[in-house]
Amino acid sequence: MAPRTPHLRTTAHRITKALLAPALALGVTVGLASAPASAAVWNSCDQWGNTTLNGYTLYNNIWGSGAGSQCVWANSGTDWGVWADHPNTGGIKSYPNSKKVINRTITSLGSLNSTYNVTVPSSGAYNTSYDIWDTDYDYEIMLWVNYNGAVGPLGTAQGNVTLGGHTWSVYKGSNGANEVFSFLRTSDSNSGTVGILPILKWIKDTKGWMGNETIGDVQFGYEITSSSGGLDFRTNNLTVSSS
């Protein structure tokens, strides 16, 4: 939950995503403009709207200052989407996401994998990302599978690495509350499978940046900076599995 910069990610966002944030009086009352024709099983335009469906927790999660309107809908925890109309004023406005709780130490995991399939707009400023937290919220690991517009990671570049089936540009930084490790895919992808455990082991064993942390939340969603006029973000399918 930490916004960064080159862009303006200010990590208050991550704590807001993982915990609850200060209540902001936002007028998020627009109807579900672009929800699927068939009625979704759940939808919300509330700032902190959330629900649990088939083992995943969905959050609308409008946390940034100057946010506009945003509504989330879901057919399940793995089939959901967002309509968002946020002004082009810089700074992250929201991170609508679906979360799976793991609660396992890195060394106790035999595998931690995810598949994703998304449909994202060609305009606006956002990233499609995993946000992975340890249970103490000391460390945040972000995996950006695609991004568009004026967005960028927190911290300094650490070079490229191929892990979990993808090649990433790695950034390391701190938001003042926790360490942030960002992995930006070197080319955009709208679908694929990510081996998350090799990334965690690389951070722990190869780089020594953290210890044998207990991994709490694996979140997947859209970190939206601007979507002026209203844009649709759709998660066609998402799975998070561990052993």
Side-chain angles (χ1 to χ4, degrees), residues 17 34-38 40-43 53-61 70-84 92 94-102 109 111-133 140-149 151-153 160-171 181-200 202 215 217-227 230-243:
K17 297 191 297 190
S34 300
S38 58
V41 299
W42 176 77
N43 62 71
L53 295 170
N54 61 289
Y56 295 79
T57 301
L58 288 141
Y59 294 99
N60 201 25
N61 195 22
Q70 178 176 294
C71 299
V72 61
W73 57 265
N75 294 317
S76 70
T78 63
D79 175 7
W80 59 278
V82 173
W83 177 88
I92 299 164
S94 66
Y95 181 65
N97 69 86
S98 180
K99 177 184 80 173
K100 187 73 173 284
V101 177
I102 304 301
L109 286 164
S111 66
L112 178 57
N113 300 309
S114 180
T115 62
Y116 61 92
N117 184 301
V118 301
T119 302
V120 291
S122 57
S123 60
Y126 64 87
N127 65 66
T128 303
S129 57
Y130 291 89
D131 203 9
I132 302 160
W133 291 90
E140 177 185 17
I141 300 99
M142 292 205 76
L143 313 178
W144 295 23
V145 296
N146 64 56
Y147 48 98
N148 190 73
V151 296
N160 289 2
V161 65
T162 300
L163 292 165
H166 304 263
T167 300
W168 315 90
S169 297
V170 183
Y171 293 79
F181 311 126
S182 299
F183 292 72
L184 279 61
R185 200 176 187 279
T186 54
S187 61
D188 285 341
S189 170
N190 288 340
S191 64
T193 299
V194 181
I196 298 173
L197 184 58
I199 296 170
L200 299 177
W202 182 82
I215 302 303
D217 301 344
V218 175
Q219 303 169 351
F220 178 86
Y222 309 95
E223 198 171 53
I224 305 172
T225 291
S226 67
S227 54
L231 296 175
D232 287 299
F233 301 80
R234 166 137 197 183
T235 304
N236 303 304
N237 188 54
L238 168 71
T239 66
V240 177
S241 59
S242 61
S243 64

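- We find that Arg234 and Asp79 are joined by a salt bridge, their nearest charged nitrogen and carboxylate oxygen being less than 4.0 Å apart.
- The CG atom of Asn54 sits 8.5 Å away from atom NZ of Lys100, with the distance rounded to the nearest 0.5 Å.
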>> Before you tell me yes or no, could you show the steps for Phe233 and Tyr126 under ring pair (Phe, Tyr, Trp, His ring centres under 6.0 Å), namely the whole-Å CA-CA distance, both residues' side-chain angles and the distance that decides it to 0.1 Å?
In response: CA-CA 10 Å; Phe233 301 80; Tyr126 64 87; 5.1 Å; yes
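- One side chain, Thr235 or Tyr222, offers a donor N or O that lies under 3.5 Å from an acceptor on the other.
- Atoms OG1 and CZ, on Thr78 and Phe220 in that order, are 11.5 Å from each other to the nearest 0.5 Å.
- Note that the CD atom of Gln219 and the CG atom of Asp131 stand 5.0 Å from one another [nearest 0.5 Å].
- Under 3.5 Å, the side chains of Thr115 and Thr239 contain a donor-acceptor pair of N or O atoms.
- A side-chain donor-acceptor contact under 3.5 Å links Asn236 and Asn117.
- Atom OG in Ser243 sits 7.5 Å away from atom CG in Asn113 (nearest 0.5 Å).
- For the 3.5 Å distance criterion, the side chains of Tyr56 and Lys99 fail to qualify, holding no donor opposite an acceptor.
- Aromatic ring orientation, Tyr130 versus Tyr116: perpendicular (interplanar angle above 60°, classes split at 30° and 60°).
- Atom CD1 in Ile132 sits 6.0 Å away from atom CG in Leu200 (nearest 0.5 Å).
- Between the side chains of Asn146 and Ser189, no donor N or O sits under 3.5 Å from an acceptor N or O.
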>> Using side-chain hydrogen bond (donor to acceptor under 3.5 Å, both in side chains), reason through Ser169 and Thr186 one step at a time and then give a plain yes or no.
In response: CA-CA 6 Å; Ser169 297; Thr186 54; over 6 Å; no
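- Donor-acceptor pairing under 3.5 Å is recorded for the side chains of Thr162 and Thr167.
- Residue Pro198 comes nearest to Leu163 through the heavy atom pair O-CD2, 4.1 Å, listed as atom of the first residue, atom of the second, then distance.
- Rounded to the nearest 0.5 angstrom, Ser129 OG and Leu184 CG are separated by 9.0 Å.
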